Amino acid sequence: MTTFESESPEAEPLAGTTPSALGQQAFQGLERSCGDSVRTAPPLPGIERMEAWFHGNAFELHRHDTYAVGVTLDGIQSFRYRGVSRASLPGQVLVLHPDELHDGGAGTEEGLHYRILYLEPSLLMRGLGDGAVSLPFLRQPVFSDPALREDILGLLGPLDRGLEQLAADDLIARLAQGLARHAGQPLKPLGSLAWRQVDRVRDYLEAHALEAVRSEELEEIAGLDRYALSRHFRAAFATSPHRFLLMRRLGQARALIASGESLAEVAAATGFADQSHLTRHFKKAYGVTPGRWAGLVETGRRSGPVAA
């Protein structure tokens, strides 16, 4: 029997789940697939994204020229890395450095379900900012970090459509900071907050909330690169430019729903790909679906004003 080295004693499950339910929550678990399978996402510059279901040994020893950053969703992910047998449990983060030999597969007969992204080192270096002197090297390739895990899963999904550029920029900056932290790599202080620049960006996002705002536009307005802008904007407003834009769209969507517009029309009018795209973000922001919100508004309208 192979003995695996586990870098953290326990995997911390995703919020509101048990480890065995992780894969089932997202894609109905291993039983979704009759056999081994892989799904890939539309490409992003410098990033490849993949979801996989495997039984047994999936990959022989090989190496990438990119970072491999993933999350185990269900089963045990076993692999050899830097000459040691490792294991990643549901909810744990997996990070492999470029040009390091490794293999991979399922550690039990039940199989394995995971998501992983392959990130070009140059992109990660830009995310670290001007103060970075080297790429982060993590001595422990498997660990539990709920916040970093959510950032990784944000970059990894949904796989059936592309990721908005502003969202990807912010998540790459946060991922870079998280990997540097786990590598024990000192980070350059943010310095003086670029208030004038982020205020200009905030005003621009307010005025163009229903448009497809590009990172290049915000870089020109701010005079900062997209990753520095993400760090300064978050420090100033406790959210990312993408999240700020998204909430402006959702606010307008909520108003349109209250006015009686159909959900399909609301989605189209507020910059969402379709009704399901609107529903997913609306529920994450407000805790109810757009349909439920429309019903609540209609009930309140029928009830009339409350007597003083």
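A quick note: this is a predicted structure, and the numbers were derived from the prediction, not measured. If you read the sequence from its start, that first residue is 1, and numbering goes on from there.
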Do [X] and [Y] share a hydrophobic cluster, counting only Ile, Leu, Val, Met, Phe, Trp and Tyr and linking them when any side-chain heavy atoms are less than 4.5 Å apart?
{"X": "W195", "Y": "L205", "answer": "yes"}
{"X": "V38", "Y": "Y118", "answer": "yes"}
{"X": "L101", "Y": "L96", "answer": "no"}

Counting only heavy atoms not in [X], do more than 12 sit closer than 6.0 Å to its [atom1] atom?
{"X": "N57", "atom1": "CG", "value": "no"}
{"X": "E216", "atom1": "CD", "value": "yes"}
{"X": "Q165", "atom1": "CD", "value": "yes"}

Taking only residues two or more places apart in sequence or in another chain, which ones pass side-chain contact (heavy atoms from CB on, under 4.5 Å) with [X]?
{"X": "S262", "value": "A264, E265"}
{"X": "T279", "value": "Q275, T289, P290"}
{"X": "F137", "value": "Y81, R82, H97, E100, R139"}

Practice task
Inspect the contact between D145 and R181 and indicate whether a charged nitrogen and a carboxylate oxygen are less than 4.0 angstrom apart.
Solution key: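 Salt bridge: yes.
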What heavy-atom pair brings [X] and [Y] nearest, and what distance separates the two atoms?
{"X": "R49", "Y": "P42", "result": "NH2-O, 3.3 Å"}
{"X": "Q252", "Y": "A209", "result": "NE2-CB, 4.1 Å"}
{"X": "I76", "Y": "A87", "result": "CG2-CB, 4.1 Å"}
{"X": "T72", "Y": "S88", "result": "OG1-OG, 2.7 Å"}
{"X": "A253", "Y": "L278", "result": "CB-CD1, 4.0 Å"}
{"X": "E217", "Y": "A212", "result": "OE2-O, 3.8 Å"}

Practice task
With side chain to side chain contact (heavy atoms under 4.5 Å, CB included) as the test, would you mind laying out the steps for L246 and H281 before giving the verdict?
Solution key: CA-CA 8 Å; L246 177 64; H281 284 295; 3.6 Å; yes
Do [X] and [Y] have side chains that get closer than 4.5 Å, going by heavy atoms?
{"X": "Y67", "Y": "L135", "value": "yes"}
{"X": "T270", "Y": "L210", "value": "yes"}
{"X": "F59", "Y": "F54", "value": "yes"}
{"X": "I47", "Y": "L119", "value": "yes"}
{"X": "W53", "Y": "E51", "value": "yes"}
{"X": "Q197", "Y": "V201", "value": "no"}
{"X": "L218", "Y": "L166", "value": "yes"}
{"X": "L175", "Y": "L148", "value": "yes"}

Practice task
Provide the full list of salt bridge (charged side-chain N to carboxylate O under 4.0 Å, His left out) pairs with a residue in residues 266-292, sequence neighbours left out, each pair given once.
Solution key: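 Listed by first then second residue: R161-D274.
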Measure the spacing between [atom1] of [X] and [atom2] of [Y] and express it to the nearest 0.5 Å.
{"X": "I221", "Y": "R202", "atom1": "CD1", "atom2": "CZ", "value": "14.0 Å"}
{"X": "L245", "Y": "R249", "atom1": "CG", "atom2": "CZ", "value": "4.0 Å"}
{"X": "S215", "Y": "D225", "atom1": "OG", "atom2": "CG", "value": "10.5 Å"}
{"X": "R80", "Y": "R86", "atom1": "CZ", "atom2": "CZ", "value": "9.0 Å"}
{"X": "S37", "Y": "H113", "atom1": "OG", "atom2": "NE2", "value": "8.5 Å"}
{"X": "F143", "Y": "L94", "atom1": "CZ", "atom2": "CG", "value": "8.5 Å"}

Practice task
Kindly write out the residues that satisfy salt bridge (Lys or Arg N to Asp or Glu O under 4.0 Å) with D151, not counting sequence neighbours, or none if the list is empty.
Solution key: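 R174.
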Exercise for the section: Under the side chain to side chain contact (heavy atoms under 4.5 Å, CB included) rule, what do L124 and I172 come out as? Steps first, then yes or no, please. Expected result: CA-CA 7 Å; L124 185 61; I172 289 168; 5.7 Å; no
Problem - Derivation of the side chain to side chain contact (heavy atoms under 4.5 Å, CB included) call for V142 and F79 - result: CA-CA 11 Å; V142 179; F79 60 101; 3.7 Å; yes
Handout entry: Geometric cation-pi criterion, R248 with F244: 6.0 Å, 45°
Key =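 Yes; both conditions hold, so R248 lies above the ring face of F244.
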Problem - Whether D169 side chain and Y227 backbone form a donor-acceptor pair below 3.5 Å - result: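 Absent.
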Handout entry: Partner residues of H102 under the ring-ring contact (aromatic ring centres under 6.0 Å, His included) criterion, sequence neighbours left out
Key =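 Residues passing ring-ring contact (aromatic ring centres under 6.0 Å, His included) with H102: H62, H64.
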Handout entry: side chain to side chain contact (heavy atoms under 4.5 Å, CB included) between L156 and I116, intermediate numbers included
Key = CA-CA 7 Å; L156 282 166; I116 195 162; 5.5 Å; no
Practice task
Establish, from distance only, whether the side-chain atoms of E110 and T108 form a donor-acceptor pair under 3.5 Å.
Solution key: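 Per modelled atom types, E110 and T108 side chains form a pair under 3.5 Å.
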Exercise for the section: Return the orientation label for the W293 and F282 ring planes: parallel under 30°, perpendicular over 60°, tilted otherwise. Expected result: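 If you compare the ring of W293 with that of F282, the planes turn out tilted.
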